[in-house]
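Proteins get letters first, then strands, A, B, ... in listed order; numbering begins at 1 in each. Just so it is clear, the values below take in all heavy atoms, side chains as well, and ignore hydrogens, waters and symmetry mates.
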2 protein chains.
Amino acid sequence: MAKRAERPGDPAKLIGLLWRPTEAVSRSGLTPKVITRAAIALADQEGIDALTIRRVAGDLGVSTMALYPYIAGRSELLELMLDAVAAEVYAHTTPPAQAGQWRTRIEHIAQANWDHHMAHPWTVDIAAGRPVPGPGVSGKYETELSALDGLGLSDIEMDQTLTAILGLVSNAARETISLRRIRQESSLTDTQWWESVGPSLGKAMAGASYPVARRVAASLGEATGLATDPEGAFRFGLGMLMDGLGTLIGARGRHTL
Amino acid sequence: MAKRAERPGDPAKLIGLLWRPTEAVSRSGLTPKVITRAAIALADQEGIDALTIRRVAGDLGVSTMALYPYIAGRSELLELMLDAVAAEVYAHTTPPAQAGQWRTRIEHIAQANWDHHMAHPWTVDIAAGRPVPGPGVSGKYETELSALDGLGLSDIEMDQTLTAILGLVSNAARETISLRRIRQESSLTDTQWWESVGPSLGKAMAGASYPVARRVAASLGEATGLATDPEGAFRFGLGMLMDGLGTLIGARGRHTL
DNA sequence: ACCTGAACACCGTTCAAGT
DNA sequence: ACCTGAACACCGTTCAAGT
């Protein structure tokens, strides 16, 4: 974990980059969009740790410092990347009719975000600070809120419901992705890992006893072959959340409709 | 983001460190526990980026390389830290009676985990891979599953429900913490940030129109003064989740009880 | 047996210099 | 106007050497 001397990032400059990126092509062919595209391709293929300014510049065939006038710095580049992929989340998708079942609309949102995280795994590595004030993120937010509009929720409840749904998705995605990475790096399969850990763990745990945990872990292992099943947890959790939302909407409906 | 040459980490060695750490005190006074404690103190105060092997060694007054025989490497140290703080989550807490309301028990779990993340903000920065096979994490898991036991859920449903609850908590915690960090670093207050972003954003967005997003953002701004309210979303989401769980348990109760 | 220090192959960003 | 290269102050981990 290097110090990396990262600057906070200038919001006004960022707005310009997000909404009115320079289209003018200089002698090297660099533009904010070209750089952002190269950075996304790199992060998709090799992960966030491989995403260094030096590497992106190398991939584009220019010196490291050539990028700075176009992207301001690393944190701005990350925001440009997030906004660019956010614009694609619902691009290749036909949304369910607004007149139909709200459960279908919510499942559509959850699935699109799940697919999004799987297509761009680095999205789960970037800590969301203040919202990215760009066209991609704004359009995504508009699409998602619209699916929750007209159910009888207050504006704030709409935002909170959406946050809860997306939180469930990104949490499961984060765990799934980091499990996947560890599997790749460790060169141990899950079975091998358990074989390596199991016996010493059994001996080490000899004194202590965790009756419920032991029972649940055994059931999980039988059913999934794993000690943890983030995607299953996400689908189950989403179902419960929608059941709760149904109760809330239903109760209001009796009063207000 | 440096390459950092991080090794995957040896599971068998880790088990030993977690369950039977060397108590023998060498001439420097180093033990796994002493090192882990120093690392936690550093991460609590200065964050995960400040947690370097070099810094921990410096704080302990030894050379960098003196730590390696005791902790194996950085990734093992992180797991030792996670297990140590996991053991503290319910330590200073009186759990609600198992005979009482299950909602109370779930709220207690959620609150304890929220407090835990706030006390040790670096816990949201560490990607959970395979579960940490230590006494702290195992004890925490046992406590939490016990609170969900006997409700009529299957073992797998118990695990998935718990994952959903903890996911909601850690997601809200992660957003709250990274917002807090950005506020500290940027030296711009939220109001100043909006004043800096607002006008240029208004001009930039002139063409596009996001009617629902605009309305919801305005309501959020009025109510909370913020563009995002992770903690509110977490409490609202947890309520919905528990409503859904209640429906599920109730429906089964009618059949099975 | 335990600890140290140099070396390796990296970071993001600055600044002055080149074309 | 646009791009380059050296420099700064860092990383985790290796290995051989010291006490």
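- A side-chain contact (heavy atoms from CB on, under 4.5 Å) with B:Lys140 is found for one member of B:Leu166, B:Ile109, B:Val85, B:Leu145 and no other, namely B:Leu166.
- In terms of phosphate contacts, B:Thr52 brings no side-chain nitrogen or oxygen within less than 4.0 Å of OP1 or OP2 of D:dC10.
- For B:Arg74 and D:dG12, the shortest distance from a side-chain N or O to OP1 or OP2 is below 4.0 Å.
- Checked against C:dC15, C:dT4, D:dT19, the side chain of A:Met65 finds its nearest nucleotide in C:dC15.
- A:Asp49 has its CG atom 11 Å from the P atom of C:dG12, to the nearest Å.
- Here C:dG12 presents its C1' atom at 15 Å from CD1 of A:Ile35, a figure rounded to the nearest Å.
- Side chain of A:Glu76 to main chain of A:Leu14: no donor-acceptor pair is present (N/O by atom type, distance under 3.5 Å, no hydrogens or angles).
- For B:Ile71 and C:dC2, the CD1 to C1' distance is 16 Å, given to the nearest whole Å.
- Across all strands shown, B:Ser63 has heavy atoms under 4.0 Å from base atoms, whether or not it also approaches the sugar-phosphate.
- With the nearest nucleotide of DNA chain D identified for both A:Tyr70 and A:Arg54, A:Tyr70 has the one nearer the 5' end.
- The residue A:Ser28 sits close only to the backbone: its heavy atoms come under 4.0 Å of sugar-phosphate atoms, none of a base.
- Rounded to a whole Å, the CG atom of B:Leu78 is 15 Å from the C1' atom of D:dT13.
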